Protein chains: 2
Amino acid sequence: MVNIKDIAKAAGVSISTVSYALNGVDKVNEKTRQRIIKIADDINYIPNRAARTLKTKATDVIAIYLADFGGNFYGRLLDALKISLEKYHYEMIVCTGIKSHRFLPEQMVDAAVILDWKFTTEDILKYTHMGRKFVVLDREIDSDLVGQILVDNYHGVELVLSRLTETKTDKVFIISGPKNSFDNEQRLSHSVEWLESHAIDYEVLEGKFTELSGYFAAKQLVKAYQGQPLKVISLNDEMAVGVYRYLLNTDLTIGKDILIAGFDNSEMGQVVTPRLTSVGYEIDQWSDMIATMLNAMLNDQAAEKLWLPVHLTEGGSLG
Amino acid sequence: MVNIKDIAKAAGVSISTVSYALNGVDKVNEKTRQRIIKIADDINYIPNRAARTLKTKATDVIAIYLADFGGNFYGRLLDALKISLEKYHYEMIVCTGIKSHRFLPEQMVDAAVILDWKFTTEDILKYTHMGRKFVVLDREIDSDLVGQILVDNYHGVELVLSRLTETKTDKVFIISGPKNSFDNEQRLSHSVEWLESHAIDYEVLEGKFTELSGYFAAKQLVKAYQGQPLKVISLNDEMAVGVYRYLLNTDLTIGKDILIAGFDNSEMGQVVTPRLTSVGYEIDQWSDMIATMLNAMLNDQAAEKLWLPVHLTEGGSLG
DNA sequence: CTGTTAGCGCCTTCAA
DNA sequence: TTGAAGGCGCTAACAG
């Protein structure tokens with residue numbers, strides 16, 4: 001593998017001159033720089049990252065941690081993050097599994113974005129004290145050293161429930177998600193709080209954030225139907241779509257007999273009829289906030305805790 | 001950040017003794033080894049990966065390259081690969097984007113699995129000659145230095161078409177996928193060959209491997225329907241499910257008026273009614289083959305070209 | 001403007 | 001069984 005020494009030899013200069021030339025340090029004659037660059041190019045020189053990292057203590061690589069690659073929700077965020085991080089010249093890698101957490105103390109990556117409930121807060125704090133930088137998207141941490149950018153689920157719940165209960169409401173059905181999901185916990189607990197404080201009855205149907213689990217929840221809904229429109233808040237869109245699908249086999253219709261809203265403003269929800277009313281947020285905005293904060297933190301600015309704004313996209317599913 | 005030197009000082013030995021002790025080299029007194037290990041543990045020592053890589057020229061990290069994280073995100077394969085690679089003690093990272101291709105010549109990763117049509121064969125061969133190892137899943141390469149493990153689409157097409165044409169067949173509709181997909185190209189070209197060699201008429205409806213594109217293709221099918229069952233090969237399951245969905249709005253039914261089979265044996269296809277007949281293959285087998293071959297190649301054994309076996313899972317969609 | 005040199009943290013040969 | 005020392009490839013003072 002060709003290295004800086006080979007170039008120096010070929011160019012008849014010292015290795016430091018090569019290093020300066022290649023790194024654009026303004027210390028070397030323009031002509032020799034061009035000559036060196038040409039040679040480097042000709043022999044296909046690419047710097048060894050390990051050596052550079054060892055010296056500079058920085059990799060400019062940011063790792064995104066996921067619990068697993070199942071489901072297909074995080075695809076859009078990952079693609080957006082890739083673009084946002086590139087604006088700051090960071091390279092992105094995606095990791096999963098406990099063992100890969102080592103990359104941080106090993107100094108193989110400078111920082112991490114956490115979307116992985118298996119990555120313990122304890123470890124995050126430990127590595128933070130080793131100089132690694134973190135932005136978490138899936139938990140609240142009581143530390144001003146850890147960046148936090150969270151979907152504003154509180155506001156989202158309020159938007160849905162106040163809209164859903166504009167007309168007289170005896171009861172609201174909540175289709176919940178899996179226990180280990182931060183978003184589920186937030187949406188669920190705030191829904192319950194909101195409904196209790198407004199003295200509205202509710203019932204929780206347990207789901208898993210999958211279309212299939214929404215499909216099964218819909219069976220319960222149909223059973224509960226007694227001639228009056230049923231009001232439902234589904235804690236994500238996929239499950240709401242499952243409800244749509246189940247209702248195709250019945251004579252109940254969305255927007256009339258079943259009034260339902262979801263979260264995430266997913267593509268799926270935009271395609272069904274009537275379109276699903278959903279709490280949305282801008283993925284690109286999220287990824288830009290993340291990249292900007294990481295960049296700030298890597299330049300020794302303070303971490304922050306921010307909420308990602310949400311809005312209600314109205315379809316016809318609330319009538 | 002604590003290093004080998006700190007441990008040496010704390011233990012009152014030299015750094016080489018520490019290195020031996022920690023790496024299990026059988027050269028150091030068992031008692032001092034235990035003492036050293038204890039100290040390393042106490043002060044939370046974790047070796048610096050850049051330094052080790054620089055010295056050993058190996059990272060034990062394998063990169064998986066994807067074109068993007070959207071659409072047909074290969075979640076199941078990635079999760080399986082993670083497990084298979086762990087058996088050989090390799091770490092896995094997932095990368096996307098042209099710039100991250102640099103990780104290979106930079107020697108940040110030892111090997112790569114390619115599922116990314118944007119990663120050119122030219123670059124793969126170039127990096128191969130620099131000592132990096134590759135297994136490609138999305139193309140055939142005329143080189144015995146590059147590992148290749150491909151879904152046996154030829155056999156898959158034969159299984160579907162011979163089954164589909166058991167009864168008298170005038171014409172077969174093919175719902176194709178996107179141009180840049182290797183699997184699409186193989187399935188499509190072999191379908192055409194097979195049908196031509198059997199003197200059966202065919203028509204290609206262009207799709208994109210998405211449910212929505214299948215939905216649109218179904219409109220064409222319905223137009224073409226003239227009282228006789230229509231025979232359809234969908235080059236993946238998602239599009240076939242799109243056909244199911246569209247037909248819900250019509251009075252044609254799958255398994256009677258429309259006979260359809262797909263590829264990939266996806267979860268979605270197992271849930272619809274009637275279940276979708278589909279060409280399946282074992283993801284775990286695929287990931288094990290990949291990990292085993294990579295491990296062999298990294299131990300200087302020859303690369304191979306293998307085909308992943310397929311089988312036909314019968315649902316009711318062919319009647 | 002260019003060269004010499006001292007490490008970064010680790011592994012490993014050679015010597016004791 | 002342990003230690004000293006060289007070097008992996010690169011960067012960045014410091015000299016010249």
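Quick caveat, the model's predicted, so the values are computed rather than measured.
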Checklist entry - What is the nucleic acid contact for B:V13, judged by heavy atoms within less than 4.0 Å: base, sugar-phosphate only, or nothing? => result sugar-phosphate
Checklist entry - So what does A:T32 touch, heavy atoms closer than 4.0 Å: a base, only the sugar-phosphate, or nothing? => result sugar-phosphate
Item to check | Residue whose nearest DNA chain C nucleotide is more 5′ - A:K55 or A:K27 | outcome: A:K27
Taking only side-chain nitrogens and oxygens of [X], does any of them come within less than 4.0 Å of OP1 or OP2 of [N]?
X	N	answer
B:R52	C:dC11	yes
A:N48	D:dG9	no
A:S19	D:dT11	yes
B:K57	D:dG9	yes
B:T56	C:dC11	no

Side chain of [X] only, please: which of [options] is the nearest?
X	options	answer
A:S16	D:dT11, D:dA12, C:dT12	D:dA12
A:N29	C:dT2, D:dA4, C:dA6	C:dT2
A:N23	D:dT11, C:dC11, C:dG9	D:dT11
A:S14	C:dC11, C:dC10, C:dG3	C:dG3
B:I15	D:dA5, D:dT2, C:dG9	D:dA5

Checklist entry - B:E106 has an atom CD; how far is it from atom C1' of D:dG9, in whole Å? => result 13 Å
Next on the checklist: Using whole Å, what does the distance between atom C1' of nucleotide D:dT2 and atom CD1 of B:I36 come to?
Outcome noted: 10 Å
Checklist entry - Out of curiosity, B:D60 CG to B:R52 CZ, how far, rounded to the nearest 0.5 Å? => result 9.0 Å
Checklist entry - Does any donor-acceptor pair link the side chain of B:Y20 with the base of C:dT13 at a separation under 3.5 Å? => result yes
